[in-house]
Amino acid sequence: MSDEVTHDRVQELLLANDQLKQVNAELSVARDKLVQSEKLASIGQLAAGVAHEINNPIGYIFSNFGTLEKYLADLFSMLTAYEAAEPALAGTPAGAKLKALREAVELDFLKEDIPTLMSESKEGITRVRKIVQDLKDFSRVDSAQEWLRADLHHGIDSTLNIVNNEIKYKADVVKHYGEIPDIECLPSELNQVFMNLLVNAAHAITAERGTITIRTGLGSGTDVDKVWVEVADNGGGIAPENLSRIFDPFFTTKAVGKGTGLGLSLSYGIVKKHAGHIEVSSVVGQGTTFRITLPAVRAAVEA
Ligand SMILES: Nc1ncnc2c1ncn2[C@@H]1O[C@H](COP(=O)(O)OP(=O)(O)O)[C@@H](O)[C@H]1O
Ligand SMILES: [Mg+2]
């Protein structure tokens, strides 16, 4: 073989190798996406079942708790009356028995401790209820959803009102709304996405006070028929090693009770249902931007 031929052959092989590498990279991305949606689907089913089972008992524990609190208040006032009557029995066997019993059960301590225990338990139950609600939202088995043409700015504004109290002490909200058409969507579900992004942004603020910037606009290039919404914060950012995990159900870096790790996986599912996509860019110490792109007209969701 001449040198010329060998050289051509090597070039060919190198090219083929590059192409293989490219295909391999694409496959790897596709596999990651599949794993992600597969994971979300199966966890969604599990969550739906668990939430459904827990919802009922939590409901009656919660309502019984309210009744119990009232009964306890009645009992305590009864006790107070008995205590007030105790001196009248001084010197009698009944009086001595009451006094001994009062000391044995440490009545004063009980009177202090029981209300504390009650309020702690109530807080715990409230938290569980919130988690169950998140799980139900996450699995979305119970909702009657309707596709409507809706004004996203209206949805964002009303969501801002709802979460205002999570945000107002931590950040100023700046809006740069572009000219966008109403889009065909499930408005209440998109509001949940906005809510999650806004609350996360507020949580991320590390300085005394930060800024949350909301931008909207019309897509360009291949995305002309799409609108986008960005929620950006100048908070602590996301560590690179966490970036690939933030959409995983139950992934949270927040303290117990503060985060469930369901917000972003829920949002991911909702955006997917709209045949849209969600992207994140983040710089540690500088902030994070989430960008959602949605078709203006309802589009088929890829299997
Ligand atoms: N704007 C943000 N800035 C920094 N980290 C974020 C932001 N949004 C999400 N994260 C990270 O992603 C994790 C998952 O978010 P999410 O699914 O909403 O669950 P949760 O808020 O309950 O922790 C958060 O715990 C946090 O580590
Ligand atoms: Mg969250």
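Note that these values count all heavy atoms, side chains included, but never hydrogens, waters or copies made by symmetry. Just so you know, ligand 1 is whichever comes first in the structure, and atom 1 is the first atom listed for that ligand.
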Q.
Regarding Asn200, does it place an N, O or S atom less than 2.8 Å from the Mg ion (ligand 2)?
A.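 Checking the Mg ion (ligand 2) against Asn200, an N, O or S atom does fall under 2.8 Å.
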Q.
Check Asp108 with Arg102, please: is the shortest side-chain N to carboxylate O separation under 4.0 Å?
A.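 Not counted as a salt bridge, because no side-chain N and carboxylate O are separated by less than 4.0 Å.
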**Q.** Sub-4.0 Å heavy-atom environment of ligand 1, residues by chain
**A.** Asn200, Ala201, Ala204, Asp233, Gly237, Ile238, Ile246, Phe251, Thr252, Thr253, Lys254, Gly259, Thr260, Gly261, Leu262, Gly263, Leu264, Thr288, Phe290
Q: Look at the side chain of Ser282 and the backbone N and O of Ile238, then say whether any donor-acceptor pair between them is shorter than 3.5 Å.
A: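 Yes, Ser282 side chain to Ile238 backbone: donor-acceptor pair under 3.5 Å.
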(Q) Donor-acceptor check, side chain of Asn234 to backbone of Thr211, threshold 3.5 angstrom: yes or no? (A) yes
Q) Tell me, do Glu83 and Met78 make a side-chain contact under 4.5 Å, heavy atoms counted? A)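 No, side chains not in contact.
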Q: Report the residue from Thr213, Thr293, Thr289, Ile292 that forms a side chain to side chain contact (heavy atoms under 4.5 Å, CB included) with Glu230.
A: Thr289
Q: Please check if atom CD in Glu179 has more than 12 non-hydrogen atoms from other residues, nucleotides or ligands closer than 6.0 Å.
A: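 Not buried by this count: 12 neighbours or fewer within 6.0 Å.
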